[in-house]
Novice: 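If you scroll down you'll find the structure; I have some questions about it.
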Amino acid sequence: MWQAPPAPVSREWLPVLDMPAPAPQNRWTVLLRALLLIPQFVVVWVLSVVAFFVTVVGWFGALVLGRLPDFVADYLTVFVPYDTRVTAYLILTVDRYPPFRFEVPEYPVQVELRPGELNRLAVLFRIILVVPASIVQGLVYAGWWTVSFVLWLVVLVLGRMPQPLYEATAAILRYRVRYTAYLTMISSAYPKRLFGDEPGSEPAGPVSATRPLVLSGAARGLLVLFLLLGLASSLTGSITASVNSDDDDSDDNDSTAPTQRVTAPLVPGPADRAPRGPLGEA
């Protein structure tokens with residue numbers, strides 16, 4: 001009996017980050033990395049402000065159209081790669097300075113984005129749906145920066161980023177790209193695969209060092225460490241803020257006490273002659 005062929009299985013497409021394998025880096029550029037990027041920080045900040053307002057417009061547009069308006073998609077699909085190139089240089093995965101241009105096909109770090117149809121309900125609740133991914137992205141990124149000075153020293157001494165550290169850092173950067181793409185509605189795919197891809201997940205074979213991004217056991221261990229460090233940093237910050245708040249409240253209470261002690265004896269009446277309390281109360 002004739003049977004209909006099975007329906008094709010649709011694969012969810014996730015934003016892709018293509019990067020070269022770790023290579024030797026100039027120690028002088030590693031040493032001065034943050035200073036060299038000051039002009040880029042200013043540019044990225046300005047572009048980020050614009051991206052915020054464009055995304056707000058895009059949210060309303062996506063609710064109506066079921067997709068991002070063309071001008072919104074055009075801007076965000078060049079902003080996210082620009083920001084990613086600057087971040088990749090900052091976190092020491094590449095040694096080539098990012099150019100001040102949107103279209104740079106020759107640069108070693110490339111981001112592939114495919115804006116498309118969007119689920120209006122998912123757009124409506126996007127700011128709520130993205131919370132779990134925001135927590136993961138924030139923790140692992142904070143964990144990396146907690147030990148960033150040590151990582152900087154490692155790259156400075158060795159003149160290159162060790163392979164496990166490179167894999168873990170590339171995984172963090174790729175997850176950040178996917179999180180940003182989902183938040184700004186460039187992608188309808190929820191950010192995932194922080195711990196890498198399965199071997200052979202690219203049907204046509206490897207395209208770059210990060211496509212597919214297959215992590216070693218050491219790289220996965222580093223990611224777990226970064227997550228734990230990020231969690232510890234977050235908890236420490238919360239406790240410190242709570243203690244400082246309590247101290248401020250205590251200082252406010254104490255600051256009123258001397259005034260009461262000074263002014264109470266100056267008030268005429270029985271208390272001036274025979275105070276029986278610590279503040280001069282009768």
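Side-chain atoms are counted along with the backbone in the values below, which use heavy atoms only and exclude waters and symmetry mates.
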Novice: Sequence neighbours excluded, which residues qualify as ring pair (Phe, Tyr, Trp, His ring centres under 6.0 Å) partners of F125?
Specialist: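 Expected list: none.
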Novice: Any pair with a residue in residues 173-202 that passes ring-ring contact (aromatic ring centres under 6.0 Å, His included), sequence neighbours left out, goes on the list, sorted by first then second residue, please.
Specialist: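 Residue pairs with at least one partner in residues 173-202: Y182-Y190.
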Novice: Go through the structure and list residues passing side-chain hydrogen bond (donor to acceptor under 3.5 Å, both in side chains) with D18, not counting sequence neighbours.
Specialist: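 Applying side-chain hydrogen bond (donor to acceptor under 3.5 Å, both in side chains) to D18 gives S208, R211.
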Novice: Could you name each residue pair satisfying side chain to side chain donor-acceptor pair (under 3.5 Å) that touches residues 144-162, not counting sequence neighbours?
Specialist: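 Residue pairs with at least one partner in residues 144-162: W144-T169.
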Novice: Under the side-chain hydrogen bond (donor to acceptor under 3.5 Å, both in side chains) rule, collect the residues that match up with R174, sequence neighbours excluded.
Specialist: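 R174 satisfies side-chain hydrogen bond (donor to acceptor under 3.5 Å, both in side chains) with D197 once adjacent residues are dropped.
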Novice: Given a cutoff of under 4.5 Å between side-chain heavy atoms of I, L, V, M, F, W and Y, with clusters grown through shared members, what are the other residues clustered with V214?
Specialist: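 Listed partners: none, V214 stands alone.
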Novice: Does any pair with a residue in residues 24-70 pass ring-ring contact (aromatic ring centres under 6.0 Å, His included), and if so which ones, sequence neighbours excluded?
Specialist: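 ring-ring contact (aromatic ring centres under 6.0 Å, His included) check on residues 24-70 returns no pairs.
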Novice: With sequence neighbours excluded, tell me which residues meet side-chain hydrogen bond (donor to acceptor under 3.5 Å, both in side chains) with E106.
Specialist: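 side-chain hydrogen bond (donor to acceptor under 3.5 Å, both in side chains) check on E106 returns R101.
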Novice: What pairs with P39 under side chain to side chain contact (heavy atoms under 4.5 Å, CB included), at least two apart in sequence or on another chain?
Specialist: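 Checked P39 against side chain to side chain contact (heavy atoms under 4.5 Å, CB included); matches are Y97, F100.
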Novice: Could you list the cluster mates of L65? Members are the ILVMFWY residues connected by side-chain heavy atoms closer than 4.5 Å, either directly or through other members.
Specialist: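 Grouped by the 4.5 Å side-chain rule, V64 form the rest of the cluster around L65.
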Novice: Treating Ile, Leu, Val, Met, Phe, Trp and Tyr as nodes and any side-chain heavy-atom pair under 4.5 angstrom as an edge, say whether V147 and V155 lie in one connected cluster.
Specialist: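 Yes; V155 is reachable from V147 via cluster members.
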Novice: Going by the side chain to side chain donor-acceptor pair (under 3.5 Å) test, which pairs reach into residues 220-232, not counting sequence neighbours?
Specialist: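 For residues 220-232: none.
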Novice: Who pairs with A21 by side chain to side chain contact (heavy atoms under 4.5 Å, CB included), at least two apart in sequence or on another chain?
Specialist: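 Counting only residues at least two positions away or on another chain, A21 forms a side chain to side chain contact (heavy atoms under 4.5 Å, CB included) with A209.
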